[in-house]
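Bear in mind that the values here come from a model prediction, so they are computed numbers and not experimental data. Protein chains get the first letters and strands the later ones, always in sequence-line order, with residue 1 at the start of each.
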2 protein chains.
Amino acid sequence: MAKQAGKAPTLTDVARVAGTSTAVVSYVMNNGPRPVAAATRERVLAAAAELDYRPNRIARALRSRTTGVVGLILADASNPYFGALARHVEQALDKRGKLTLTGNAGYSPDRQEHLADKFLAAQVDGLVIVFADGGADVATQVKRAGVPAVYVHNQPEDGQAPAVTADNEDAVQQAVAHLRGHGHTRIAFLAGPRDAGPVGRRRATWETALAGTGAPLLRCEYSRAAAAALTGQLISEGSMPAALITATDEQAIGVLAAARAHRLAVPERLAVISLDGTPDSAYTAPALTVTQQPLEAMAAQAVDLLLGGEAAAPPALSAPLVIRGSCGCAATDS
Amino acid sequence: MAKQAGKAPTLTDVARVAGTSTAVVSYVMNNGPRPVAAATRERVLAAAAELDYRPNRIARALRSRTTGVVGLILADASNPYFGALARHVEQALDKRGKLTLTGNAGYSPDRQEHLADKFLAAQVDGLVIVFADGGADVATQVKRAGVPAVYVHNQPEDGQAPAVTADNEDAVQQAVAHLRGHGHTRIAFLAGPRDAGPVGRRRATWETALAGTGAPLLRCEYSRAAAAALTGQLISEGSMPAALITATDEQAIGVLAAARAHRLAVPERLAVISLDGTPDSAYTAPALTVTQQPLEAMAAQAVDLLLGGEAAAPPALSAPLVIRGSCGCAATDS
DNA sequence: ACTTCTTGTCTAATCGTTTAGATGAGAGGA
DNA sequence: TCCTCTCATCTAAACGATTAGACAAGAAGT
C-alpha cells in the first residue's frame, strides 16, 4: 500500500495523484474555508490514503501562525505534586489536539525566564505556568509577547492573568477546624520561604483563624530535607508545637521523618495535616490526613481557560479533607 | 530602545536597517556557511539588537528540516522515578539548546503509539523513550520514520536501538548478597506484570542467583496499591517470604504499607530491598535500603547518545547499594 | 436572451528562513 | 595590460502549507 521509499509525501503530491490543485486538497484536509464537491473530496481522500500523507505541521505553522504546541513551565517534575499536575495538563492538552513543551525551572527565576524565552521563540500557542513562588518578571515578559497564559497553583503579583487554584481558604479552615476538634488550640503552620498569590493566602487564612493563640508560623523550603532539618531542630529545642499544618506534602513527609527519628509519636504528640494530598500522602507512616487538591480538575480547568470554549461556569475546585492517621483519628491504614 | 508596536521583526527588517541583503544577516546569525566582513557583521548585530530581533524557529525549521525539538515519551510523570528522569532529560537537552516535547503514555501501548505519531508529525529531531514495559510496535514505527531514538530504562525486544540502563545485574547481585549477609536464603522477587529488556534481566539475574532455593517469584503492576494488595493477601495466607527484593520503589512502598497494616515488622520479619532508589525511598518507615539508580547520569548519557558527540567511552552506570533500615541493618534514620 | 448568483476549482502570493549560484571589486601573476 | 583568484555580497529559489482573488459553468431571476 503505502509508499516507503524517498521523502515524505507533500500536499503537492496528493494534488497530483488526485488530479486537483493543492488548494482543494487543503480545503479537504481541514474542511477548509471553501466547500469541495463530494466526488472530488473522495478522490483527494483516496489519494491521501494511498500515499499515507501526513500534513507537515511546520509548514502549516509558518503559514497559519499557530503551532498547536503549548508550553508548560513548572518548578520540578520530580516533585510528585508537580509531576502529577504535569501529567494531567499534558493529557488535557492532548485531548484538545495540542502538544506539550515541558520545562523544569527549578525554583530559579533565571531559569523561569530562560524557559519562557525559549517557549515564546518556539511560537507556542499558549503557556501553562506552575510556579511554587514568584514569577513576576516572567508574567510581564509573557504578557508583552501577547501569548495567552494561565497560572496554576500560583498567581503572579500583578494579578492580571487568569489563575487556577483550589479553594485554599476553605482547605485551611477545614484543617484548622478538624485539629480543633481533636482539642488543639495552638496550631502551627509550616509555610514556604516566601509567600505570594494563592499559596500565600493559605498562610493568611491560617493567620486570621488562629489570631491571638500564639501559634507559631514556621517557614522552610518546599523540600523534605529542609522540613526534616527544621523539625529536628525544634524538637531538640523542645519548642515543637503539638499540632501542625504544612503547606505541602513534601514538607509533611520531612516532618514525619524527623519526628520518627526523634521518637516523637505522631499523632499522639504531634498532629499533622498537609494541604496537598499527593498520592504519596497515603503511604507515609502514619498515613497523612490531607486536604486533597483536585489536580485533574485543576488541569482541565486551566486548559479550558487557556484554549477558550467550554467556559461553562468553572466548577468550584474544593479540596476535600481526607482523614487518615496523622491527625489523631483512628488510623484507617490499609 | 526596542520597538514595541506591531509584529515581531523579521530577517528582512534587520537587513533593511543594516543596509544588507537577508543572506548576510542569515550568515551572521548562524556564523553562516559563508564569511562576512567584520564591519558588516557589526552593523548587522547592531541592527538586530536595536530591533530586538529573534529568529523565527518555525521558518528555520521549515527550511532546514531540523526543529531543535526532541520528544520524550514516558509512562507516567507522577511516578517520581519517571518524573525525576524526565527532569534530568529535559535539563540535559536544554543544555544542548533543544526543547523537550513531553508525553505521558500511561502503561498503554495505544497511547505510546499515539504519542510517537504526534511527535513524528511534529518533526522532532529525536526521541527519548522511557517505558516500563513493551513498546515493540513503537520501536518499529519510529525506526521506519528514520528518526533517531534512544531508549532509557528499557529496550524494545528487537534490541537494535541504543538503550541506556543502569547495571541491573550488578544491582540485583548486590541486593541478593546483602540479604544473604543478613542470613536470608529464601529471597523472593517482586517483578512487574511482564518483563522484557533490561528490566526483565533483573528478574533473570535473580533467578540464576537464587536457583534451587525455592524462593517465589511474585508479580504485580508497578503501583503501590497493587503491591499492597498482593502483600496483604500473602500475609493473610501466611505465605509471605521473609526477604524480598522489589523491582521498583513504588512496589516497595506498597509492600511496606501493607506490612504495617498487618503488623508485620520490617525488617525483623520482612526484609526489603528495592531496586530504584528514588528520593521517596529515603522517607519511608523504615527507610528503604535500595540500589540507587544514577538517574542524572542516565539522562545525560541518553542525550549524548541521541545527539552524538561526547562519545567518550560511556561511563558505566552502576547502581550503588544505599543501606538504610529496611534490610535489617541498624536503621540510620535521619 | 441577458444579467446575477452560486458553486467548484485553479492560480499564485505569502509566511520567514536558508543557501546555491551570479556578480563585482580588488589583489596578484603573467 | 589582461587574466585569474579571492572575498564579500546580492538575487532568488526553495521548504510545504494556507487562502484571497480570478474564473468557468450552470441555475435562477427578470
Inset, instruction - Could you tell me from which nucleotide to which nucleotide of DNA chain D, 5' to 3', there is an atom under 4.0 Å from chain A heavy atoms? - result: D:dG16 to D:dA22

Using a 4.0 Å heavy-atom cut-off across all strands, classify [X] as base, sugar-phosphate, or nothing.
X	result
B:Ala23	base
A:Thr10	sugar-phosphate
A:Thr22	base

Roughly how far, to the nearest 0.5 Å, is the [atom2] atom of [Y] from the [atom1] atom of [X]?
X	Y	atom1	atom2	result
B:Arg111	B:Ile73	CZ	CD1	10.0 Å
B:Met298	B:Glu296	CE	CD	12.0 Å
A:Asn79	A:Thr278	CG	OG1	7.5 Å
B:Thr102	B:Leu115	OG1	CG	10.0 Å
A:Leu45	A:Thr40	CG	OG1	11.5 Å
A:Ile58	B:Leu62	CD1	CG	7.5 Å

Legend entry - Length of the line joining A:Tyr27:OH and C:dT7:P, which is rounded to integer Å: 15 Å

Inset, instruction - Starting from P on C:dG16, measure out to CG on B:Asn30 and report it in whole angstrom. - result: 17 Å

Inset, instruction - Just say parallel, tilted or perpendicular for the rings of A:Tyr81 and A:His153, cut-offs at 30° and 60°. - result: tilted

Inset, instruction - Examine C:dG16: is either OP1 or OP2 under 4.0 Å from a nitrogen or oxygen in the side chain of B:Thr12? Give yes or no. - result: no

Inset, instruction - Residues of residues 56-70 of chain A with any non-hydrogen atom less than 4.0 angstrom from an atom of DNA chain C: list those, numerically ordered, please. - result: A:Leu62, A:Arg63, A:Arg65

Legend entry - Test item: B:Thr100 and B:Val70 side chains (from C-beta on) under 4.5 Å apart, heavy atoms: no

